[in-house]
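One structure is given below, encoded as structure tokens.
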Amino acid sequence: ANSVSVVDTLYNDYATSKQRTEMITEFYGREFYLFRDLLSEHLVKVLEVHPDKKAIIMEELLKLTGIFIEKGLTSYIVVQHLMLQYFLHAPSESITELISDKLIEQVVNFLHTKEGSKIAMRCLWFGTAKHRKLIIKNFKGHVKEMAVNENGYLVLCAMLDCVDDTILVKKTVVTEILEHLDVIVMSPYGRNLLNYLLARRVKLNPAIVDILKVGDGNVFSKKDTEVRRQEILTYVSEGIIANFSENVSSLLMENSTSILITTALTHANCDVTPLLTALVNLCKEDAEAVNELTTHIALRNVLQNATHQKVFSDALITEIPMETFKSWKQWYQRRVREKVFSDALITEIPMETFKSWSTSNRGAFTLLRVLEHKSADQHQVLVDGLKKCNVSESAQSAGRDKLVEFLAASE
């Protein structure tokens, strides 16, 4: 172990790129030492130069990987790099055979590094149901740290994608996520994870999606992807909505966190009225809140999405076959909103506050969003009230001009 530690320190802290290449390629087999200047640190480049030697290289890497696992050396970056070369290029069946209790016991070593996270993801994707259960149990107590780590959160996303035992996932992982939402939501990686829980790959960077697609279609995941997602979403939604409702003011301080509000309202599989009410109360308590950029954007997005309705009521769901629902894609995921957000704003917020909004550019645009929902029961009440406020006398702005134009067309 001491000698590996020395090599790992040299590899990480002192070696140049060329020196790292020479160190790594020596592990591919003795016969490659003479050709090390032609080889790359990445095995894919090695195989381009010597495709006929793949079997020999993979055999060498498999032997090394077995030794690393047996001796418990998997925490070292240089070891993880070498192991990853095997996991990247070996057939999935060979990876399944390699996964053992001894390897799973060391899975925590892989969770926070770039190389290690890719190994952990492949253990999940190509591990059996029994392997996955043991791996997830090893996550216990580490979920918060994984969620806010740039590599660890990807392992959690991979787990959500492939593990059919959603009861275990909810009990061991999702519960811990909900317990630490206040911390997780402040991390960019934590926000990625929350977006994944709510909307799966809709909100992720395409490069991240490509990483996760590697596990699609693995032979050990039997449950329908959407069924698995909905089971987790139903469990997590109420906790997220409750937390966001309590912390709506702080979430609106940053654009990156305010976007989560829209995502939650659009995708949560529960009653979102508490969060809508929190937004209404914020506007009611602070007439100037609408002029803050993040609040303005959040209200705009909410007004665009809050009236989305689920195509079918619960009664219809019991009558229509699941295959029919699948053909209609995401429509069946949406729930009927018990309260239209525009009506809530008009009913709860004093006309004096709306008058204040009409005097600023962002406030006027927010009012326009509200007024665009002409089906709202309180629509005419707001129109009549604004006409009495002499909006045209406010300072000129693009928002004010459009609001004046809208009110004039409503006569």
Side-chain angles (χ1 to χ4, degrees), residues 108 111-112 117 136-161 163 166-205 208 212 228-282 289 294-295 297-299 301-302 305-306 333 335:
V108 175
L111 301 180
H112 304 298
S117 64
I136 291 171
K137 286 186 174 181
N138 275 276
F139 289 169
K140 189 172 184 179
H142 300 278
V143 174
K144 182 181 74 171
E145 289 73 20
M146 293 173 67
V148 298
N149 180 271
E150 63 179 318
N151 302 303
Y153 91 91
L154 289 173
V155 179
L156 293 176
C157 290
M159 176 205 66
L160 294 170
D161 271 348
V163 177
T166 54
I167 294 176
L168 175 66
V169 171
K170 289 184 287 188
K171 180 180 178 181
T172 307
V173 177
V174 179
T175 298
E176 195 169 335
I177 291 173
L178 291 174
E179 288 174 357
H180 300 286
L181 270 181
D182 291 344
V183 174
I184 292 172
V185 77
M186 300 312 296
S187 161
Y189 310 114
R191 291 192 290 274
N192 282 348
L193 176 62
L194 294 178
N195 274 317
Y196 207 73
L197 280 165
L198 289 165
R200 199 165 180 257
R201 297 176 182 175
V202 174
K203 299 287 184 177
L204 277 190
N205 183 302
I208 300 300
L212 295 170
R228 188 190 306 113
R229 189 182 86 84
Q230 286 295 324
E231 289 175 355
I232 297 295
L233 180 62
T234 299
Y235 181 81
V236 78
S237 290
E238 189 172 338
I240 289 178
I241 292 297
N243 181 277
F244 287 6
S245 300
E246 293 174 5
N247 300 287
V248 68
S249 297
S250 60
L251 290 174
L252 288 173
M253 289 181 180
E254 299 287 344
N255 187 50
S256 57
T257 51
S258 67
I259 291 173
L260 273 175
I261 293 177
T262 306
T263 304
L265 287 170
T266 304
H267 297 281
N269 198 3
C270 68
D271 177 20
V272 299
T273 301
L275 183 49
L276 293 175
T277 302
L279 285 168
V280 171
N281 290 338
L282 177 69
T294 52
T295 304
I297 292 174
L299 290 175
N301 291 337
V302 170
N305 290 284
Q333 299 171 25
R335 302 189 73 84

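In what follows, residues are counted from 1 in the order of the sequence shown. For clarity, every value in this text was computed on a predicted model and none was experimentally measured.
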Nearest-0.5 Å distance that lies between atom CD1 in Ile208 and atom OH in Tyr196: 10.5 Å
Leu260 side chain near Asn195 side chain, heavy-atom distance below 4.5 Å: yes
Non-hydrogen side-chain atoms of Leu279 and Ile261 separated by less than 4.5 Å: yes
Closest contact, heavy atoms only, Ala264 versus Val272: O-CG1, 4.3 Å
N/O donor-acceptor pair under 3.5 Å between Glu176 side chain and Gly141 backbone: yes
Which atom of Thr273 lies closest to which atom of Asp271, heavy atoms considered: OG1-OD1, 2.7 Å
Beyond-backbone contact of His112 with Met146, side-chain heavy atoms, under 4.5 angstrom: yes
Greater than 12 external heavy atoms within 6.0 Å of Glu254's CD: no
Under 3.5 Å donor-acceptor, Ser237 side chain and Ala268 backbone: no
Side-chain donor-acceptor contact under 3.5 Å, Thr175 with Tyr235: yes
Distance in Å, Leu275 CG paired with Ile241 CD1, rounded so as to fall on 0.5 Å steps: 5.0 Å
Stepwise side chain to side chain contact (heavy atoms under 4.5 Å, CB included) test for Thr234 and Lys170: CA-CA 10 Å; Thr234 299; Lys170 289 184 287 188; over 6 Å; no
Euclidean distance, Met186 CE relative to Ser250 OG, rounded to 0.5 Å: 7.0 Å
By salt bridge (Lys or Arg N to Asp or Glu O under 4.0 Å) - contacts of Arg228 (at least two apart): Asp164
Distance (rounded to the nearest 0.5 Å) between Asn243 CG and Glu179 CD: 12.5 Å
Under 3.5 Å: donor-acceptor pair, side chain of Glu231, backbone of Thr166: no
Smallest separation among heavy atoms of Leu181 and Gly239, with atom names: CD1-O, 3.9 Å
Leu212 vs Leu204 side-chain heavy atoms within contact, under 4.5 Å: yes
Side-chain touch Ile232/Leu197, heavy atoms, less than 4.5 angstrom: yes
Separation between CD1 of Ile184 and CG of Asn192, rounded to the nearest 0.5 Å: 12.5 Å
Pairwise side-chain contact, Leu178 with Ile240, heavy-atom cut-off 4.5 Å (strictly under): yes
Side chain to side chain contact (heavy atoms under 4.5 Å, CB included) partners of Glu246, counting only residues at least two apart: none
Nearest non-hydrogen partners of Arg229 and Ala199, listed with the distance: NH1-CA, 3.9 Å
Close side-chain approach of Leu194 and Ile177, heavy atoms under 4.5 Å: yes
Leu193 side chain near Cys157 side chain, heavy-atom distance below 4.5 Å: yes
Distance (rounded to the nearest 0.5 Å) between Thr263 OG1 and Phe244 CZ: 8.5 Å
